[in-house]
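Reading through the C-alpha cells given below for one structure.
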Number of protein chains: 2
Amino acid sequence: MLHEEVVGRVRAMLLDGEIPPGARIPERDLCEKLQISRTPLREALKVLAAEGLVQLLPNRGSRAARLTDKDMRDLFEVCQGLEALAGELACERITDAEIADVAAAHAAMVRHYGEHDLLQYYRCNRYIHEAIIAAAGNPVLSGLYELVTARIRRARYVTPMTPRRWALAVQEHEAILNALQRRDGVGLSHILRAHLRHKREEVLQAGFAETEPLEQARAS
Amino acid sequence: MLHEEVVGRVRAMLLDGEIPPGARIPERDLCEKLQISRTPLREALKVLAAEGLVQLLPNRGSRAARLTDKDMRDLFEVCQGLEALAGELACERITDAEIADVAAAHAAMVRHYGEHDLLQYYRCNRYIHEAIIAAAGNPVLSGLYELVTARIRRARYVTPMTPRRWALAVQEHEAILNALQRRDGVGLSHILRAHLRHKREEVLQAGFAETEPLEQARAS
DNA sequence: AAAATCCAATTTGAATGCAAAACTGGCTAT
DNA sequence: ATAGCCAGTTTTGCATTCAAATTGGATTTT
C-alpha cells in the first residue's frame, strides 16, 4: 500500500465517522486493521495532524480532532472566502460545457428536493460547489478548499433542514446557477457568501460542534 | 528533538534556500546534519510534502519543490483572496492598539523606503501583512495563509523593485493603512487585492519561477 | 476510609536491520 | 563509436526492535 493510500484510508475513516471525533487512535489496532506496520501509519497520522484532522498529544498518542463552535465558525468563514474567490474566477474561466454540467446537476438537485430526498439533494449540492471550485482552474485553491471542507463536511452535508431553510437554499442555488450562466463573478461571489453564511448559522444552531468533553468509544 | 521541531528545521532550510528548489534530498545526509535517524526525518518530509514544499517521488526519494509560473500565479491568486478576506474581517475585529501597531510598522517602513533599505522595508512590509491576517482573529485563515505565503515568500520579499514600482507600493500601503484606520473592510479588501495583483505581475515579469530543468546542486 | 506512592504493563518514539527498487559504471554487440 | 545491457552499489520503504514515557491498579500511609 502506497503512502498516499494509507493517508487516504485513514482520512476516510475519520470523515466517515468510523473513527469518531475525540476518539483515541491506538496505533496497534489501526495497523492490524490496515495490515501495515506502525512506521507508515505514523507517517500518515502526522500528515493528517498537519491537515487538522488528527490531534497529536506528545508521548500520549493521537486522537481524532474535535471541532469547537469557534473552529466551525472559522472554517465556514474561510470556506466562504474560498468559494467567493472561486466563484469570481470560475465566471472568467468556465466553459459552456462545464456550465451545462452544473445546470444538469442543479436540475437533478431540484428534482431530489421535490422528492424530499435529502441524501441525494446533498450529493448534487456538493457536486455543484465542487464543480465551481474546479472551474476556477486553480489547483492551489482546490487543495485548500479540500482541506477546509473535509473538516466541515459532515456538519455541512448531514445537518437536516427545516422546510423553510431548505426552500431558501434551493432559491439561493437558483441564483448561483443564474449568476454562473451570466458569468457575473461579483454577483456569484456575493450569493455564495450569503449561501454559506446561512448554512453556517444553521449548522451552529443545530449544535453540530463536537465539543463533548467525555471520552469517546474507540474505533470499532 | 520534537517532531514539530524537525519539520520546522527542514522547512526553514527549504525556505532559506539552504536546500535549493529542485535539489534532491538524500535522507542520510540530512539525518547526519540534524543528528536524528531516518524515521523522524521521513515523517517530517511527508508533512512537508503535504504542505507542497517537498515533492515525493515514490521509490526515488524526495526533492525540494520547484514552482512553475502557473504555480506562482495560482499561489498569488489565492493569497489575494485570503488577504482580501482577512482585510474585511480585520476591519470588523481589530483593536485600536493593533491599528496603532500597524501604523507604527507602516511609519518605519516608509522611513526605510526613504533610506532605500529594501531589506528592512520588506521586513516591515511583511509584518504589516501578517498583522492584518492576525487581526482577522481566525486561526484557520492564519494557517492557510502561512501555507500559501511560505511557498512564495522568497519571490515576494526578495524581488527588487524599480523606483517607480516601489513608490507605487508605498502609495498602496498608505491606502491600506488608511482603510484599516477607517475600518473600511470593503475598501481594504480591494486595495489589498490590487496591491497583490501588482506584486504578482512584478514577480512574474522578473521571471522568479523555479522552472530550470537542470539538476541542482545538493544541499551543502 | 481517603489519599498518596510505587510498580507492573502498555504504549509511544526513535534506531536499527533487511528486502526491494533504482542508479552507476563498465562491458558487449552492432 | 554508440546504443543497449548487466552486475555492483547505493538508496528507499517498511518491519522489527529497544528504550523511554505513560497509565492503571494495588499497596501503603495518614
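Naming: A, B, ... by sequence-line order, numbering from 1 per chain. Here the structure is a predicted model, which means the values were calculated and not measured.
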Suppose we call a contact any N or O donor and acceptor under 3.5 Å apart; does that hold for the side chain of B:Arg38 and the base of D:dG13? yes

Could you tell me whether [X] and [Y] have a side-chain N and a carboxylate O separated by less than 4.0 Å?
{"X": "B:Glu210", "Y": "B:Arg63", "value": "no"}
{"X": "A:Asp29", "Y": "A:Lys33", "value": "no"}
{"X": "B:Glu146", "Y": "B:Arg11", "value": "no"}

Below 4.0 Å: OP1/OP2 of [N] and any side-chain N or O of [X]:
{"X": "A:Arg42", "N": "C:dG13", "answer": "yes"}
{"X": "A:Arg60", "N": "D:dT23", "answer": "yes"}
{"X": "A:Ser37", "N": "D:dA15", "answer": "yes"}

Take atom [atom1] of [X] and atom [atom2] of [N], then tell me their distance rounded to the nearest Å.
{"X": "A:Leu41", "N": "D:dT16", "atom1": "CG", "atom2": "C1'", "value": "15 Å"}
{"X": "B:Asp29", "N": "D:dT11", "atom1": "CG", "atom2": "P", "value": "8 Å"}
{"X": "A:Leu45", "N": "C:dG13", "atom1": "CG", "atom2": "C1'", "value": "13 Å"}
{"X": "A:Met1", "N": "D:dA15", "atom1": "CE", "atom2": "P", "value": "9 Å"}
{"X": "B:Glu5", "N": "C:dA14", "atom1": "CD", "atom2": "C1'", "value": "15 Å"}
{"X": "B:Arg24", "N": "C:dA22", "atom1": "CZ", "atom2": "P", "value": "12 Å"}
{"X": "A:Arg63", "N": "D:dT23", "atom1": "CZ", "atom2": "C1'", "value": "14 Å"}
{"X": "B:Leu30", "N": "D:dT12", "atom1": "CG", "atom2": "C1'", "value": "15 Å"}

For B:Arg28 and for B:Gln35, find the nucleotide of DNA chain C with the closest heavy atom, then tell me which residue's nucleotide is more 5'. B:Gln35

Any side-chain donor-acceptor pair under 3.5 Å between B:Glu83 and B:Tyr145? yes

Nearest to the side chain of [X] - [options]?
{"X": "B:Asn59", "options": "C:dA14, C:dA21, D:dC14", "value": "C:dA21"}
{"X": "B:Glu27", "options": "C:dT12, D:dG13, C:dA22", "value": "D:dG13"}
{"X": "B:Thr39", "options": "D:dT16, C:dT16, C:dG13", "value": "C:dT16"}

Counting neighbours of CD on A:Glu92 that are heavy atoms of other residues, nucleotides or ligands and sit closer than 6.0 Å, is the number greater than 12? yes

